[in-house]
Amino acid sequence: MSANPSRPPAAAVPPDRSALRAAPAPARDADTSAVPVAGLLLAAGGGRRLGGRPKALLPYRGRPLVENAVRVLREAGCGPVHVVLGASAAEVRERADLSGCVVVDNPDWAEGMGSSLRAGLASLAGAGAGAALVSLVDQPGIGAEAVARVRQAYRSPASLVAAAYGGRRGHPVLFGADRWADVAATAEGDRGARVHLARHAAELVLVECGDVAEAYDIDTPADLARLA
């Protein structure tokens with residue numbers, strides 16, 4: 001499928017491994033609902049257990065799955081939206097409508113989710129966001145209502161919030177800007193932010209979302225039935 005010439009081009013940002021800068025804290029009595037919370041969508045996976053089909057391009061309701069994930073973030077009030085691509089990045093750009101997003105290339109995507117998280121957080125440095133709300137492209141059962149609950153739990157650049165399903169932590173996860181440098185420094189392989197979350201478990205706020213969302217992943221051929 002060729003790109004739509006009328007579509008505004010998405011901005012591409014190469015991964016930047018320079019020091020991550022935290023956004024300034026809001027004033028003590030500020031309305032934190034007005035502080036921008038960026039949506040950070042990790043969509044670089046190559047779908048190894050799906051026979052090498054990039055997850056971003058899996059068909060969902062007639063369009064690439066990545067478009068659904070972007071829409072959910074926007075409807076939940078996140079902005080700007082940064083999308084990290086890796087496997088078949090050029091094809092994703094060609095086939096998916098990512099207009100208005102900042103598209104981040106992660107050439108190290110095969111190393112695991114940690115590399116995409118680092119690249120995405122680096123792209124947000126200087127964006128003025130008070131937090132990054134991290135979501136995964138392969139969880140279409142998590143809609144805007146659940147994401148909005150997590151986004152609304154933001155209180156300061158030190159916030160650490162995650163959705164919970166039956167009391168068990170899941171995605172999305174919100175990281176206040178003061179945490180970005182440490183999250184990036186400890187994000188290796190497929191562990192993502194697990195090290196940071198484990199170290200700061202006492203500070204983590206869980207927001208129950210099991211009544212409005214299902215936190216399944218699209219990992220195997222059997223899971224593809226959920227996209228029908």
Side-chain angles (χ1 to χ4, degrees), residues 10 22-23 25-26 29-43 55-56 60-61 63-84 96-104 113 116-117 120-121 123-124 127-180 183 192-193 196-197 200 203-218 226-227:
D29 296 323
D31 178 5
T32 57
S33 67
V35 177
V37 172
L40 179 53
L41 176 60
L42 306 186
K55 291 185 177 183
Y60 183 62
R61 299 178 179 176
R63 298 297 302 164
L65 187 58
V66 66
E67 290 184 11
N68 174 74
V70 168
R71 176 186 58 78
V72 166
L73 286 170
R74 286 177 171 156
E75 290 183 357
C78 296
V81 174
H82 287 219
V83 181
V84 182
D97 181 359
L98 299 178
S99 55
C101 297
V102 175
V103 179
V104 182
M113 188 187 302
S116 290
L117 184 55
L121 290 175
S123 75
L124 286 169
L133 187 146
V134 180
S135 67
L136 308 181
V137 74
D138 67 340
Q139 293 190 318
I142 301 175
E145 187 171 358
V147 176
R149 286 185 185 180
V150 176
R151 187 254 176 269
Q152 290 163 5
Y154 171 82
R155 294 294 179 270
S156 78
S159 288
L160 182 62
V161 185
Y165 302 89
R168 184 175 181 180
R169 175 175 57 79
H171 282 86
V173 181
L174 181 148
F175 299 100
D178 286 353
R179 297 182 179 274
W180 295 354
V183 172
H196 184 88
L197 289 167
H200 300 276
E203 302 158 42
L204 177 64
V205 175
L206 293 179
V207 177
E208 182 58 46
C209 296
D211 59 321
V212 295
E214 295 182 88
Y216 57 81
D217 302 310
I218 306 299
R226 293 182 178 272
L227 299 178

Kindly state each residue pair satisfying side chain to side chain donor-acceptor pair (under 3.5 Å) with at least one member in residues 142-151, sequence neighbours excluded. Arg149-Asp211
Would you name the heavy atoms of Gly210 and Glu208 that are closest together and state the gap between them? N-OE2, 2.9 Å
Please check: side-chain N/O of Glu214 versus main-chain N/O of Ile142, any donor-acceptor pairing under 3.5 Å? no
Rounded distance (nearest 0.5 Å) linking atom CG of Leu42 with atom NE2 of His171: 7.0 Å
Distance-minimising heavy-atom pair for Gly167 and Leu206: O-CD1, 3.9 Å
List the atom of Val207, the atom of Ala153, and the distance in Å for their closest heavy-atom pair. CG2-CB, 4.0 Å
Apply the side-chain contact (heavy atoms from CB on, under 4.5 Å) test between Leu160 and each candidate in Asp178, Val205, Leu197; give the one that qualifies. Leu197
On a heavy-atom basis, which atom in Cys78 and which in Ala38 lie closest, and how many Å separate them? CB-C, 4.3 Å
Would you say Lys55's side chain and Ile218's backbone share a donor-acceptor pair under 3.5 angstrom? yes
Measuring only between side-chain heavy atoms, which start at C-beta, is Arg63 closer than 4.5 Å to Arg71? no
Distance-minimising heavy-atom pair for Ser99 and Asp97: OG-OD1, 2.7 Å
One should read off an interatomic distance between Arg169 CZ and Leu204 CG, to the nearest 0.5 angstrom, of 7.0 Å
What is the minimum heavy-atom distance between Glu75 and Ala144, and which atoms define it? CB-CB, 3.7 Å
Roughly how far, to the nearest 0.5 Å, is CG of Leu40 from CZ of Phe175? 9.5 Å
Kindly say whether Ala132 contributes a backbone atom to a donor-acceptor pair with the side chain of Tyr154 at under 3.5 angstrom? no
Could you state the interatomic distance from OG (Ser116) to CG (Leu136), rounded to the nearest 0.5 Å? 10.0 Å
Sequence neighbours excluded, which residues qualify as side-chain contact (heavy atoms from CB on, under 4.5 Å) partners of Ser135? Leu41, Leu73, Pro172
Going from CG on Asp138 to CG on Leu227, what distance comes out if it is rounded to the nearest 0.5 angstrom? 9.5 Å
The reported gap from CD in Gln139 to CG in Asn68 (rounded to nearest 0.5 angstrom) is 11.5 Å
Measure the shortest side-chain to side-chain distance between Leu133 and Val161 over non-hydrogen atoms and say whether it is less than 4.5 angstrom. no
